[in-house]
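This report concerns only the one structure given below.
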Amino acid sequence: MKDSHTVVFPPCMMLSVVDGRSRKTRGDILISVVVVNYNAGQFLVDCIASALPLVDEIVVVDNASQDSSLAQCAGLFADEPRLKIIRNTANLGFAVACNMGFAETNGDFILFLNPDCRLDAAAVPALLQALESDVSVGMVGGLLINADGSEQGGGRRAVPTPWRSFVRAFGLSRFSHRWPKLFFDFHLHKQPLPNAPIEVEAISGACMLVKRQAVLDVGLWDEGYFLHCEDLDWCMRFRRLNWKILFVPSAKVTHALGVSSRSRPIFVEWHKHKGMVRFYRKFFQHQYPGLLMGMVAAGVWVRFALVAAYYTGKRAGKAWGRKHD
């Protein structure tokens, strides 16, 4: 992995790395941010600008972007000593990049933040207060909102077990008012927004503040995932070691959702479905007979085939339209 990336520092940061006497010690840095970038463009700039007033350092790990996002950052934040950029020469995946970023942080608390997120001014203080509210809290997440202010799904959720995923995929959650335990929807954003932080089974990796102590206990992100489901995996592992996960409704984060994924939808869907199969087998293999797990895996890949066919047809339709304009 050492040969797969180069580390680029702003000029004023170079001294802090070369001269150990001038580098901040871990105790001086409270909150570090890790942003994994892939062709996020202006969104990356806006993300960094929203985070800088609220944190002590930001580490951007770029997975071989081909757009102007890093060039824009170099121009706008060239004299910012709290920004560090790691340039990978290949797309190594989200989990690997998160772990690389974590290795470069110094903070007692690390905020993993998607580049298409913008932090509200009160978001980080609210997250930090919740994280420090109890020694058993290891991870907290904020309220992910769309540009129109509505809540996104995924910011607070239950673990998508194979059964819960089946219920959601086939729309059976509409029967939850009659049989709530049987047809429970793992996305909780349709429920009333709580007035205070509440414990949940999982939050989104788009905005995830964790204690360094908890990470050292649980372990790093599982690099067996390339994209998607690695955040659910981490939540499962945190809870298995009795670290609580809180959803903080007062910590508002505007999330553009999928900015880095739009240019390669089938590629993204492939890794998303592959991650789902890995997640199910890793955590639910012992609960389901082999035949049933096989059916679950088959269902996942059938779904991928349908999604891929949809995007292929959509692309063909656009190409046909351009040809006949």
Side-chain angles (χ1 to χ4, degrees), residues 1-18 20 23 32-49 51-52 55 57-107 110-117 205-206 208 215 219-231 233-234 256-275 278:
M1 185 176 294
K2 290 182 179 179
D3 296 328
S4 64
H5 69 279
T6 58
V7 183
V8 180
F9 305 98
C12 53
M13 279 202 68
M14 190 63 70
L15 289 177
S16 67
V17 174
V18 174
R23 178 170 180 165
S32 303
V33 176
V34 174
V35 179
V36 177
N37 179 58
Y38 180 73
N39 295 330
Q42 181 65 37
F43 287 96
L44 175 64
V45 174
D46 295 341
C47 174
I48 293 173
L52 275 172
V55 302
E57 66 174 0
I58 299 177
V59 179
V60 174
V61 184
D62 184 75
N63 268 336
S65 292
Q66 299 176 356
D67 68 348
S68 62
S69 52
L70 293 188
Q72 292 182 64
C73 289
L76 292 172
F77 307 114
D79 297 323
E80 177 52 66
R82 293 170 295 162
L83 177 63
K84 181 187 302 183
I85 298 176
I86 301 174
R87 298 175 184 260
N88 289 328
T89 57
N91 188 346
L92 303 180
F94 183 75
V96 172
C98 282
N99 289 341
M100 292 172 63
F102 178 83
E104 296 293 331
T105 62
N106 297 286
I110 300 88
L111 175 62
F112 291 92
L113 189 66
N114 276 13
D116 51 6
C117 287
M208 184 179 277
V215 176
L220 297 174
W221 297 75
D222 183 345
E223 298 182 0
Y225 299 92
F226 185 86
L227 187 66
H228 288 291
C229 294
E230 61 280 287
D231 53 353
D233 181 291
W234 222 21
L257 193 62
V259 165
S260 300
S261 306
R262 293 171 185 169
S263 61
R264 306 175 68 187
I266 296 179
F267 174 85
V268 170
E269 289 294 335
W270 164 262
H271 285 289
K272 179 179 180 179
H273 287 75
K274 184 179 179 181
R278 177 179 177 83

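Heavy-atom minimum distance, Asp67 versus Gly41: OD2-N, 2.8 Å. Smallest separation of non-hydrogen atoms from Phe77 and Leu83: CB-CD2, 3.7 Å. The two residues Cys73 and Ile85 make their nearest non-hydrogen contact at CB-CD1, 4.5 Å. In terms of heavy-atom proximity, Ala78 sits nearest to Ala74 at CB-O, 3.0 Å. Across all their heavy atoms, Asn37 and Pro115 have their closest contact at OD1-CB, 4.1 Å. Between Gly205 and Asn114, the closest heavy-atom pair is O-OD1, 3.8 Å.
Remark: Asp222 engages Arg278 in a salt bridge, criterion side-chain N to carboxylate O under 4.0 Å.
Under the 3.5 Å distance criterion, the side-chain polar atoms of Asn39 are left unmatched by any main-chain donor or acceptor of Ser65. Between the side chain of Glu57 and the main chain of Asn106, a donor-acceptor pair closer than 3.5 Å is present. A donor-acceptor pair is defined here as one N or O able to donate and one able to accept, closer than 3.5 Å; such a pair exists between the side chain of Glu230 and the backbone of His228.
No donor-acceptor contact under 3.5 angstrom links the side chains of Asn91 and Tyr38, judged on distance only.
Taking 4.5 Å as the limit, some side-chain heavy atom of Leu92 sits within range of a side-chain heavy atom of Met100. Under the 4.5 Å side-chain criterion, counting only non-hydrogen atoms from C-beta, Arg82 is in contact with Leu52.
Classification of the Trp221-Phe112 ring pair by plane angle, with boundaries at 30° and 60°, yields perpendicular.
Atom CG of Asp62 and atom CG of Leu44 lie 8.0 Å apart (nearest 0.5 Å).
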